[in-house]
Novice: 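Quick one: this structure, given as structure tokens, is what I'll be asking you about.
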Amino acid sequence: MSEYKYRPLDFETKWQGVWESNRADSAVEDSTKPKKYVLEMFPYPSGDIHMGHVRNYTIGDVVARQARMKGYSVLHPIGWDAFGLPAENAAIKSSSHPATWTHANIETQAASFKRMGFSYDWDRTVKSCDVDYYRWGQWTFLEFWKRGLVERKSSPVNWCPSCTTVLANEQVLSDGVCWRCKSAVIKRELEQWYYRITEYAQELLDDLDKLPGWPDRVKTMQANWIGRSEGAEVVFELCDADGEPCGETITVFTTRPDTLFGCTFFLLAPEHPRVREFVAGTQHEATVMSVVDRAARETAVERQQGDREKSGAFTGRFVINPVNGEKVPVWVSDYVLMEYGTGAVMAVPSGDQRDFEFARKYGLEIPPVVLAEDDPLFAELSGVSERVRTEVPWEAAFAGDGVMVQSGEFTGLSTGKGGEGVRAVTEWLVARGKGQAAINFRLRDWLISRQRYWGNPIPAIHCPACGVVPVPAEELPVVLPMNVDVTAGETLADHPEFYQTTCPSCSGPARRETDTMDTFTCSSWYYLRYCDARDEAAIWERDKADYWMPVDQYIGGIEHAILHLLYSRFFTKVFRDMGLVGFDEPFTNLLTQGMVKKDGEIMSKSKGNVVAPEGVIEQYGADTLRAYILFMAPPDKDLEWSYEGVEGMYRWLGRVWRFVCDAVDEAREHGDAPPGTEAPGKALHREMHRVIGKVTFDIERFQFNTAIAGLMELTNAAYEYRNVVAPGMRDTALQRAVAVRLVSLLAPFTPHMAEELWCEVLAETGSVHGAPWPTFDPAAAAADEVELAVQVNGKVRGRVVVPADASTQDVQEAALVAVAEWIKDAEVRKVVVVPGKIVSVVIAG
RNA sequence: GGCGGCGUAUCCGAAAGGCACAGGAGGCGGACUUAAAAUCCGCUGGCCGAAAGGCUUGUGGGUUCGAAUCCCACCGCCGCCACCA
């Protein structure tokens with residue numbers, strides 16, 4: 001038997017050096033080839049790489065390497081998302097500078113990526129903290145400003161006391177905590193910078209339909225986040241302090257204008273600007289302001305608890321219900337959100353559960369206005385247009401579809417999605433100037449300013465005379481100064497030499513903006529910069545973006561389903577409108593990979609269950625780790641780490657290694673030995689072609705685990721052949737053919753081993769990574785004969801072996817013979833022949 | 001509460017409506033070896049039944065000649081959103 005031993009550590013770094021010096025993985029714009037842009041989400045340089053990185057980047061590398069072998073011109077870049085708070089925290093801890101920590105981590109990670117054999121075009125690397133990169137982020141900000149997409153406004157914002165900065169809505173998790181540090185977020189009224197992503201809300205929602213290559217759950221999450229609601233804006237006239245209509249109006253948004261006749265009170269959010277004015281100096285001031293103050297004190301965590309009791313207070317004011325002229329009391333309650341709609345709500349307690357609970361608590365009327373036909377009240381109120389009933393016997397509000405009652409001229413109309421009620425009431429309001437059809441989005445504008453040092457400076461200047469003015473484009477970049485000492489708690493606002501400047505408009509003394517941009521602005525366009533990463537004159541050249549974009553395959557974690565992917569889609573649409581790109585969506589296909597776990601939990605330092613990739617590479621080599629992490633689970637599922645699994649992978653690669661070495665040896669020794677026995681050779685040849693087809697197909701659909709299983713099957717078939725056919729009798733040409741195909745198919749998964757076997761053992765020409773992908777010959781993979789199961793009334797009762805090309809008629813006859821004893825003299829009602837699979841016989845009885 | 005996903009052997013997992021479990025791990029055994037490691041070769045789901053055979057993809061229905069797969073309901077787990085008017 002073979003003495004050959006698989007020693008990956010002997011050659012892996014050798015090939016990494018060769019590939020790097022050959023620039024083997026450089027991307028070239030070649031108009032004669034189809035292109036493929038394979039991208040993995042660029043890492044944050046938070047330290048050494050972890051298994052999540054290994055998995056993410058191995059998946060991308062397999063796709064990129066296979067695409068090259070299939071003749072594509074491939075762009076497969078890497079870079080670093082290098083601004084951000086962890087660098088500041090680490091700098092404080094180690095008494096250094098964020099840049100020092102960041103660059104050291106980038107070095108470490110880059111070395112690890114090279115050691116994994118990832119086939120990146122290192123000449124296109126970007127680091128978002130490099131001025132050559134972030135200057136274009138500033139340029140983008142100015143361009144967005146020109147287009148009216150930058151806004152500076154004061155509003156209640158999310159403030160993380162621990163990170164001492166504001167957060168975008170998307171960065172507050174559903175339990176009201178900071179996405180990064182998990183501290184409770186509080187609301188603060190602050191003037192901040194916004195990108196007006198809401199301008200694109202409708203298109204961001206609609207274009208999800210243009211993304212068949214995205215997982216449904218990501219699209220659903222985005223659609224939920226954008227949160228489109230159709231309804232109407234309804235104008236209520238305000239009454240003055242004496243209760244008389246005063247001509248002023250307050251508008252609400254509602255999805256249920258058809259329930260307007262059931263509106264018995266009106267609600268304002270505690271933050272609503274009119275609240276203070278309504279109650280100032282009145283008997284209601286104390287109770288109302290206690291509600292307002294309490295809401296202001298509460299964190300998002302407390303206020304968002306769904307099961308908490310609603311509280312509120314009457315303001316003493318009234319509004320006029322436009323459909324029936326009734327005077328409706330105005331209350332303040334903490335369950336009304338200032339951020340959504342208009343911050344004012346028409347309350348219909350019979351049709352909305354929250355309003356129902358509020359009405360019960362404060363003894364407000366609950367007249368039914370929509371009834372299901374099986375409701376006990378239906379007989380009494382059907383067709384009744386005047387309000388005769390002001391209470392319901394229900395335990396909860398009825399929000400379902402039904403028929404309108406006690407609703408004046410609209411009584412009798414059907415409600416709900418397909419009903420006439422909504423449209424009829426809306427049209428009535430429009431005709432009288434008291435409302436209009438409206439659409440509301442849950443999506444808020446993107447708050448991009450951060451009160452932190454380690455980020456991209458916002459290129460704006462505050463002038464006492466001219467107001468806020470943009471930094472002129474020719475004065476870019478606004479360079480982030482390096483002399484800021486974060487260990488002393490400094491930010492840009494502590495450095496007059498940075499912020500003292502002159503106004504570009506009036507030349508008077510002015511103050512430079514000291515906020516930096518959210519790091520998500522940096523990651524919203526990096527994939528475009530890779531197309532032309534070294535361009536100093538422009539963010540990129542249009543023809544280069546046209547060649548490479550959109551990204552054909554994007555791979556990353558599900559945690560970016562909303563944040564990064566939504567922001568990038570927004571940027572792309574703006575770039576399109578600027579004429580910088582010619583497409584609507586940046587990422588054609590998206591793969592969200594699962595997490596790597598240990599003992600059922602996410603690997604983390606605090607849990608002490610981290611398996612460091614470096615240790616595994618030192619022991620088994622990078623190829624083993626790559627193949628292992630692809631084999632253990634489908635890429636989108638979570639993966640449970642297992643050292644036994646790594647061992648098993650290492651054993652199999654050794655098995656492949658020995659087969660290839662032995663095949664070459666035997667060809668040398670018995671070069672012209674005639675094939676001895678024919679059947680085993682035929683079987684192996686057929687298996688080889690079957691596996692070529694399987695692996696090709698499986699990589700296409702990202703089933704790397706089954707692709708590798710297929711390669712194991714081919715390996716097993718090769719060993720089976722050698723087990724059955726004696727040395728000297730073996731078809732050495734066939735063995736070599738199998739070895740060559742096996743090595744080619746392995747190349748994307750285990751690039752070093754494949755290269756070593758290709759160049760040193762098989763002595764083929766060139767690099768295996770430049771060799772063509774093996775062609776699949778369906779005819780060669782097809783068997784001469786097939787065995788079919790024969791079912792009688794759904795149960796397998798026999799088997800027939802028939803020629804692969806047998807006619808349906810012949811198969812049917814053979815099948816009926818095979819199960820004759822199960823049929824006996826029963827009537828055969830039906831026979832279904834599924835070629836190559838099964839014969840199904842249906843008999844009577 | 002809303003939306004989405006998942007549930008297959010001891011474990012990780014295959015199965016594009018067609019014989020349920022490919023591949024790996026683990027376990028058992030054999031060959032080689034003084035021995036071990038390494039390697040190579042076998043065997044390896046459960047329940048009922050004497051056997052033939054039957055039952056078994058979370059549970060219960062349905063569609064179909066045929067369902068792990070499609071539909072409905074329920075149970076369990078996971079994820080996202082959530083006082084969004």
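As the structure is a computational prediction, the values presented were derived from the model and not from experiment. Computation of the quantities below employed the complete heavy-atom set of this structure, encompassing side-chain atoms and omitting hydrogens, waters and symmetry-equivalent molecules. A note on names: the letters A, B, ... follow the listed sequences, proteins ahead of strands, and every chain is numbered from 1.
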Novice: Between P on B:G13 and CG on A:D636, what's the gap in Å once rounded to a whole number?
Specialist: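 That distance rounds to 11 Å.
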
Novice: Atom CH2 of A:W652 and atom P of B:C40: how far apart are they, to the nearest Å?
Specialist: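 Whole-Å distance recorded here is 14 Å.
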
Novice: Less than 6.0 angstrom from the centroid, inside 45 degrees of the normal: does A:K310 satisfy that with respect to the ring of A:F358?
Specialist: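 Not satisfied by the 6.0 Å and 45° rule.
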
Novice: Please name the nucleotide paired to B:A35 by Watson-Crick or G-U wobble geometry with both distances under 3.5 Å, or report none.
Specialist: none

Novice: Rounded to whole angstrom, note down the C1' distance from B:G23 over to B:U8.
Specialist: 15 Å

Novice: Of the nucleotides B:C19, B:G4, B:A16, which one has an atom closest to the side chain of A:I838?
Specialist: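 Nearest to the side chain of A:I838 among the choices is B:C19.
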
Novice: From CG of A:L267 over to C1' of B:C83, roughly how many Å is that when rounded to an integer?
Specialist: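 Atom-to-atom, A:L267 to B:C83, this comes out as 11 Å.
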
Novice: Using the C1' atoms only, state how far B:C65 lies from B:G17, rounded to an integer number of Å.
Specialist: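 Roughly 12 Å separates the two C1' atoms.
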
Novice: Between B:C3 atom P and A:I226 atom CD1, what is the distance in whole Å?
Specialist: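 Those two atoms, CD1 and P, are 18 Å apart.
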
Novice: Look at the side-chain N and O atoms of A:T220 and state whether any lies under 4.0 Å from the OP1 or OP2 oxygen of B:C81.
Specialist: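 For B:C81, OP1/OP2 do not have a side-chain N/O of A:T220 under 4.0 Å.
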
Novice: Do A:W331 and A:T315 have side-chain atoms, one donor and one acceptor, less than 3.5 Å apart?
Specialist: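 Not at all, the side chains of A:W331 and A:T315 share no donor-acceptor pair under 3.5 Å.
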
Novice: Within the structure shown, what part of the strands sits under 4.0 Å from A:Q703 by heavy-atom distance: base, sugar-phosphate, or nothing?
Specialist: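 Touches sugar-phosphate only.
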
Novice: When the distance from CZ of A:R701 to C1' of B:A16 is rounded to whole Å, what number comes out?
Specialist: 7 Å

Novice: Is it true that A:R690 and A:E713 have a side-chain N and a carboxylate O under 4.0 angstrom from each other?
Specialist: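 A salt bridge links A:R690 with A:E713.
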
Novice: Among side-chain atoms of A:R655 and A:N716, is any donor-acceptor pair under 3.5 angstrom?
Specialist: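 Indeed, the side chains of A:R655 and A:N716 share at least one donor-acceptor pair under 3.5 Å.
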
Novice: Counting the atoms with a prime plus P, OP1 and OP2 as sugar-phosphate, which does A:P215 contact under 4.0 Å by heavy atoms, base, sugar-phosphate, or nothing?
Specialist: nothing

Novice: If I pick the C1' atom on B:A68 and the same atom on B:U59, what distance separates them, to the nearest angstrom?
Specialist: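 Straight-line distance between the two C1' atoms is 14 Å.
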
Novice: Does any nucleotide pair with B:A50 by Watson-Crick or G-U wobble geometry, both distances under 3.5 Å, and what is it?
Specialist: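 In the structure as shown, B:A50 has no Watson-Crick or wobble partner.
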
Novice: Could you tell me how far apart A:R444 (CZ) and B:C81 (P) are, to the nearest whole angstrom?
Specialist: 16 Å

Novice: Regarding A:F697, tell me which of base, sugar-phosphate or nothing describes its non-hydrogen contacts under 4.0 Å with the strands shown.
Specialist: base

Novice: Distance between the C1' atoms of B:G45 and B:C21, in whole angstroms?
Specialist: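 Those two atoms are separated by 9 Å.
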
Novice: Name the pairing partner of B:G79, where a pair is Watson-Crick or G-U wobble with both distances under 3.5 Å, or state none.
Specialist: B:C3

Novice: Taking side chain to side chain contact (heavy atoms under 4.5 Å, CB included) as the test, write out the residues that go with A:K597, two or more places apart.
Specialist: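 Result, side chain to side chain contact (heavy atoms under 4.5 Å, CB included) vs A:K597: A:M595, A:I602, A:D638, A:E640.
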
Novice: Taking the nucleotide of RNA chain B with the closest heavy atom to each, which residue, A:A789 or A:T342, is nearer the 5' end?
Specialist: A:A789

Novice: For B:G24 versus B:U39, give the span between their P atoms, rounded off to a whole number of Å.
Specialist: 13 Å

Novice: What distance, rounded to whole Å, do you find between the two C1' atoms, one in B:U69 and one in B:A14?
Specialist: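 Per the computed distance, 13 Å lies between those C1' atoms.
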
Novice: Checking all strands, does A:K795 fall into the base, sugar-phosphate, or nothing category for heavy-atom contacts under 4.0 angstrom?
Specialist: sugar-phosphate

Novice: Check every atom of B:G53, B:C83, B:C80 against the side chain of A:R797 and return the nucleotide holding the closest atom.
Specialist: B:G53

Novice: Could you list, one pair per line, each protein nitrogen or oxygen that sits under 3.5 Å from a nitrogen or oxygen of nucleotides 61-69 of chain B, together with the distance?
Specialist:
residue: B:C65; atom: OP1; partner: A:K830; partner atom: NZ; Å: 3.3
residue: B:C65; atom: O2; partner: A:S840; partner atom: OG; Å: 2.6

Novice: Round to the nearest Å and state the distance from A:K694 atom NZ to B:A16 atom C1'.
Specialist: 11 Å

Novice: Hey, does the side-chain of A:R442 have a donor or acceptor N/O within less than 3.5 Å of a partner on the base of B:C81?
Specialist: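 Looking at the base of B:C81, it does not pair with any donor or acceptor on the side chain of A:R442 (distance under 3.5 Å).
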
Novice: Check whether the ring centres of A:F631 and A:F704 lie less than 6.0 Å apart, and answer yes or no.
Specialist: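 So the answer is no for these two rings.
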
Novice: Could you please name the partner base of B:G26, counting Watson-Crick and G-U wobble pairs only when both distances are under 3.5 Å?
Specialist: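 The base-pairing partner of B:G26, which may sit in any strand shown, is B:U44.
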
Novice: Would you call A:R722 and A:E666 a salt bridge, using N to O less than 4.0 angstrom?
Specialist: yes

Novice: Less than 4.0 Å between a side-chain N and a carboxylate O, is that true for A:D698 and A:K694?
Specialist: yes

Novice: Compare the minimum distances between each of B:C84, B:C81, B:A15 and the side chain of A:R354, then state the nucleotide with the smallest one.
Specialist: B:C84

Novice: Can you find a side-chain donor-acceptor pair between A:Y620 and A:E647 that sits under 3.5 Å?
Specialist: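 A donor-acceptor contact under 3.5 Å links the two side chains.
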
Novice: Please tabulate, one pair per line, each protein N/O and nucleotide N/O from nucleotides 26-33 of chain B that are separated by under 3.5 Å, including the distance.
Specialist:
residue: B:G26; atom: OP2; partner: A:R651; partner atom: NH2; Å: 3.3

Novice: How far does the C1' atom of B:G76 sit from the matching atom of B:G60, given to the nearest Å?
Specialist: 15 Å

Novice: Rounded at 0.5 Å granularity, tell me how far CE in A:M221 sits from OG1 in A:T592.
Specialist: 9.0 Å

Novice: Between the side chains of A:D445 and A:T198, does any donor sit under 3.5 Å from an acceptor?
Specialist: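 Note: A:D445 and A:T198 side chains meet the donor-acceptor criterion.
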
Novice: With a non-hydrogen cut-off below 4.0 angstrom, is A:T255 in contact with a base, only sugar-phosphate, or nothing?
Specialist: sugar-phosphate

Novice: Can you work out whether A:F253 or A:W225 has the more 5'-proximal nearest nucleotide on RNA chain B?
Specialist: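 Its nearest nucleotide lies further toward 5', so the answer is A:W225.
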
Novice: Could you tell me how far B:A37 sits from B:C28 if I compare only their P atoms? Round to whole Å.
Specialist: 12 Å

Novice: Of all the choices, B:A16, B:C81, B:U39, which nucleotide is nearest to the side chain of A:R658 once you look at every atom?
Specialist: B:U39

Novice: Does OP1 or OP2 of B:C40 have a side-chain N or O of A:Y719 closer than 4.0 Å?
Specialist: yes

Novice: Identify whether any heavy atom of A:G648 sits under 4.0 Å from a base atom; if not, whether one sits that close to sugar-phosphate; answer base, sugar-phosphate or nothing.
Specialist: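 Result for A:G648 = sugar-phosphate.
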
Novice: State which of B:C40, B:C84, B:G13 makes the closest approach to the side chain of A:L337.
Specialist: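 Selected nucleotide (nearest to the side chain): B:C84.
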
Novice: Taking atom C1' of B:C84 as reference, at what distance in whole Å does atom CD of A:E230 sit?
Specialist: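 So the two atoms are 15 Å apart, to the nearest Å.
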
Novice: With rounding to the nearest 0.5 angstrom, report the OH to OH distance, A:Y643 to A:Y628.
Specialist: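 One finds 9.5 Å between OH of A:Y643 and OH of A:Y628.
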
Novice: Which residues pass the ring-ring contact (aromatic ring centres under 6.0 Å, His included) test with A:F659, sequence neighbours left out?
Specialist: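 Listed in chain order: nothing, the list is empty.
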
Novice: With 3.5 Å as the limit, what N/O pairs link the protein to nucleotides 21-23 of chain B?
Specialist:
residue: B:A22; atom: O2'; partner: A:E713; partner atom: OE2; Å: 2.9

Novice: Determine the contact category for A:N723: base if any of its heavy atoms lies under 4.0 Å from a base atom, sugar-phosphate if only primed atoms, P, OP1 or OP2 are that close, otherwise nothing.
Specialist: sugar-phosphate

Novice: Scan A:R655 against the nucleic acid and name what it touches under 4.0 Å (heavy atoms): base, sugar-phosphate only, or nothing.
Specialist: sugar-phosphate

Novice: Out of A:L639, A:V54, A:V611, which one pairs with A:V596 under the side-chain contact (heavy atoms from CB on, under 4.5 Å) rule?
Specialist: A:L639

Novice: What closest approach, in Å, do A:L211 and A:K219 show between heavy atoms, and which atom pair accounts for it?
Specialist: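 Minimum heavy-atom separation between A:L211 and A:K219: O-NZ, 2.9 Å.
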
Novice: With sequence neighbours left out, write down each residue that passes salt bridge (Lys or Arg N to Asp or Glu O under 4.0 Å) with A:R686, or none if nothing qualifies.
Specialist: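 None.
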
